There are 2 protein chains.
Amino acid sequence: MSKPTIVQLAQAAGVSPTTVSHAFSGRRYVDPDTKARIVALAQEMGYRANPTARRLRSGGGGSVALVSSMPFAVAAGPSRLGFLMEIAASAAVTALSRNTTLCLVPPLERGAQLDVLDVDGAIVVEPALDDSVLDFFFERGVPVVAIGRAPGRPNLPAVDLRSTETARLLLDHLGEAGQRVGLITGLQRRNSYIETEAAYAAFCAERGFAPAAMRIDERGGEEEAAVAVEAFLRQNPDIGALCAPVDAFAAGALRAATALGLAVPADLRLATRYDGMRARLASPQLTAVNLHLDQVAEQAIDMLIALIEGKALSPEPIAQPQLVARASSDRSSG
Amino acid sequence: MSKPTIVQLAQAAGVSPTTVSHAFSGRRYVDPDTKARIVALAQEMGYRANPTARRLRSGGGGSVALVSSMPFAVAAGPSRLGFLMEIAASAAVTALSRNTTLCLVPPLERGAQLDVLDVDGAIVVEPALDDSVLDFFFERGVPVVAIGRAPGRPNLPAVDLRSTETARLLLDHLGEAGQRVGLITGLQRRNSYIETEAAYAAFCAERGFAPAAMRIDERGGEEEAAVAVEAFLRQNPDIGALCAPVDAFAAGALRAATALGLAVPADLRLATRYDGMRARLASPQLTAVNLHLDQVAEQAIDMLIALIEGKALSPEPIAQPQLVARASSDRSSG
DNA sequence: GCCGGTATGCAAATCGTTTTGCATACCGTG
DNA sequence: CACGGTATGCAAAACGATTTGCATACCGGC
């Protein structure tokens, strides 16, 4: 048999649906005996209020989607997963405290039957230029908040990841020893790369370095990065430090250094952006940055909820990124 | 103002709500001109069908929660996150194809105002004995499916992780060289530990080994494991191989071995269970097991949906776990 | 006997869709 | 003209809850 409805429960208990509803919600007084009978019967019959119907009537408490701009479980995946999950964990907590649930949305294939997607808004993590995920939600009129500005969409509400400052922090740190600093970013056009590259250009100009930068396709992950960075280091033998914001690339760089017989940090100092497992598990451990992702997630949720409700949104700045210096850039051993 | 409803759109277009519905769903013929007018107007007014109402009527799927038995972002976190997220990614895909959305639920604090938690069912990952997360859902009559059997709850629907076979696979592999094999499991009473310990006992009996096993508190993570395993290895110097199903513990064991001057795999062969980033990033890379988590996730979703709909559930067995042999247990270098 | 107040519960409207059954108009054919 | 068929669309009944406004009963006090 299918699940019993409130009407069936009410009939069985010899009361009206109204009374059943009140018995559970407590919004009106119900005789304790009656209530007890209803509850017992509900237990026995396995009655549970249908959440969909409940929501339709009471309107409140919707759900928001968390979407990674990249496929969840794809090649470059494992390391992005850390970033995404750290955000997801915080976002889920914040969302719940705002009467909202957080839905994980798998990679969207265009044309897929996604109208079933019952969310009131979406958070997109680090969208790239012309990101199809954004189009998808726009077409449906679903409000979107980005984590990390969306390139080419200056008006899209976004939580600032402060990538310029982050880059500055890393570059200044790596530049301490006076070595020439190289940069490895991603081929995809995400705002964090764009800002980082700009900061790098400025950094080089200030110091009078010739820039040495390259871009790698994220999808190749650590493997491809190892190969590419090795070639890069061969071409630029005078580089003494490397800034690789993508942790998978930093891991690849580590391998490239080993392959070339370069010791880290003695011969090559290295730093990355996201302070996740990859940075901490690497050997030597990688210098990284605390991006305050918990705050980022919280702000994204709040902005999104405000947006959904049509209220004004107040984007307060996230706490300043903080350098987490580790062995991979330790100057004393260099 | 607030979002327009189908009625408002119908009025504006001078047709009935029925016609609007048909215009979008295509379930009945609508004059092309009329349809075009409706679509254009919808675009202009920003009309989007309310998914909640739609689902209520058409009986579509709701949403299910994915819950880790452990706090998301807690100490032992990063490595468990991998396991959880691999399941989450697959589950989200499967759920969507079943007209259901997957909600990530943060760690549940008892007594928190969770009435807002609007899910039709829940998947709990590797519940422990007396897991409060399970109680929470039971109290609310929310159907639950466990990934990995729930200790002490033989009747709870669960997807079998085939831990006995997994353990057997690892132990037989590690025992190949004839060395004595030690076992490190977790203090918490999860089914996978229980089965693994039992398999280990049988394994030792068969081979005539004296068992050498210890349990470590998961919450201590890699650090605590490193300390504990070092002591353990000191006490059992004749151990030539170590089975540490928790990847964080295996990583700790690796450090312990290094501290003791033992080479892996030459002096100590090592294997873990979950073939995640941690196993692959370790040096040497860790032998692990392919648990077919994608299948596991899919089955969990399907079982849960069946349960929600009151249908009979058919728990088909997951594909057999497969050993992924890596350097950490390579016999040729031992 | 009348009155106000409290206790208890129900009927009906509502949320925004989808879906079924019926209505009208128009067409060509015999 | 009568008739079947197609084109087009609407009214109303679901879906399963919540919420509002009323109804009845009973009580004590005057």
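As a basis for the values below, the full set of heavy atoms in this structure was taken, side chains included, without hydrogen atoms, waters or symmetry mates. Not measured: the values here are computed from a predicted model. Throughout, protein chains are lettered first and strands after them, A, B, ... in sequence-line order, and every chain is numbered starting at 1.
- Listed for the B:Arg37 side chain is a donor-acceptor partner under 3.5 Å among the backbone atoms of B:Ala13.
- Straight-line distance from the NZ atom of B:Lys3 to the P atom of C:dC15: 16 Å, rounded to whole Å.
- Side-chain N/O atoms of A:Thr52 and base N/O atoms of D:dA17 include no donor-acceptor pair closer than 3.5 Å.
- Contact annotation for A:Phe24: no contact, since no heavy-atom pair falls under 4.0 Å across all strands.
- Among all heavy-atom pairs drawn from A:Phe83 and A:Leu161, the shortest one is CZ-CD1, 4.5 Å.
- The CD1 atom of A:Ile6 sits 15 Å away from the P atom of D:dC15 (whole-angstrom rounding).
- The separation between A:Arg48 atom CZ and D:dT18 atom P is 13 Å, rounded to whole Å.
- Counting any heavy atom pair closer than 4.0 Å across all strands shown, B:Ser21 reaches a base atom.
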> Could you walk me through whether B:Leu102 and B:Ile301 pass the side-chain contact (heavy atoms from CB on, under 4.5 Å) check?
Replying inline: CA-CA 9 Å; B:Leu102 186 77; B:Ile301 292 282; 4.2 Å; yes
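- D:dC15 atom C1' lies 15 Å from atom CZ of A:Arg55, rounded to whole Å.
- Of the two residues near DNA chain D, B:Asp31 and B:Ala53, the one whose nearest nucleotide lies more 5' is B:Asp31.
- Contact annotation: A:Thr19 side-chain N/O to C:dG9 OP1/OP2 distance is not under 4.0 Å.
- Taking 4.0 Å as the cut-off between side-chain N and carboxylate O, B:Arg48 and A:Asp120 do not count as a salt-bridged pair.
- One finds a side-chain N or O of B:Ser16 lying less than 4.0 angstrom from the OP1 or OP2 phosphate oxygen of D:dC10.
- One atom, CG of A:Asn50, and another, C1' of D:dA14, lie 14 Å apart when rounded to the nearest Å.
- Remark: B:Arg54 is not in phosphate contact with C:dG16, judged by side-chain N or O atoms under 4.0 Å from OP1 or OP2.
- In this structure, B:Arg190 contributes its side chain and B:Glu126 its backbone to a donor-acceptor pair below 3.5 Å.
- Heavy atoms of B:Thr34 sit under 4.0 angstrom from primed sugar atoms or phosphate atoms, though from no base atom.
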Could you run down the sub-3.5 Å N/O contacts of the protein with nucleotides 4-6 of chain D?
none

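- In this structure, CG of A:Leu56 is placed 17 Å from P of C:dA13, rounded to the nearest angstrom.
- Between A:Ser21 and A:Thr18, the side chains place no donor N or O within less than 3.5 Å of an acceptor N or O (distance only, hydrogens not considered).
- Contact detail for B:Ala150 and B:Pro127: the closest heavy-atom pair is CB-CG, 3.7 Å.
- Between A:Tyr29 and C:dT8 there is a side-chain N or O to OP1 or OP2 distance below 4.0 Å.
- If you measure from atom CZ of A:Arg27 to atom P of D:dG21, you get 12 Å, rounded to the nearest angstrom.
- Checked by distance alone, B:Arg28 brings a side-chain donor or acceptor within 3.5 Å of a matching partner on the base of C:dG21.
- One N or O donor and one acceptor, one from the side chain of A:Arg57 and one from the base of D:dT18, sit under 3.5 Å apart.
- The base of C:dT19 sits within donor-acceptor range of the side chain of B:Thr18, with an N or O pair under 3.5 Å.
- Closest non-hydrogen pair, B:Val125 versus B:Ile87, comes out as CG1-CD1, 4.3 Å.
- Rounded to whole angstrom, the span from the CZ atom of A:Arg37 across to the P atom of C:dG9 amounts to 8 Å.
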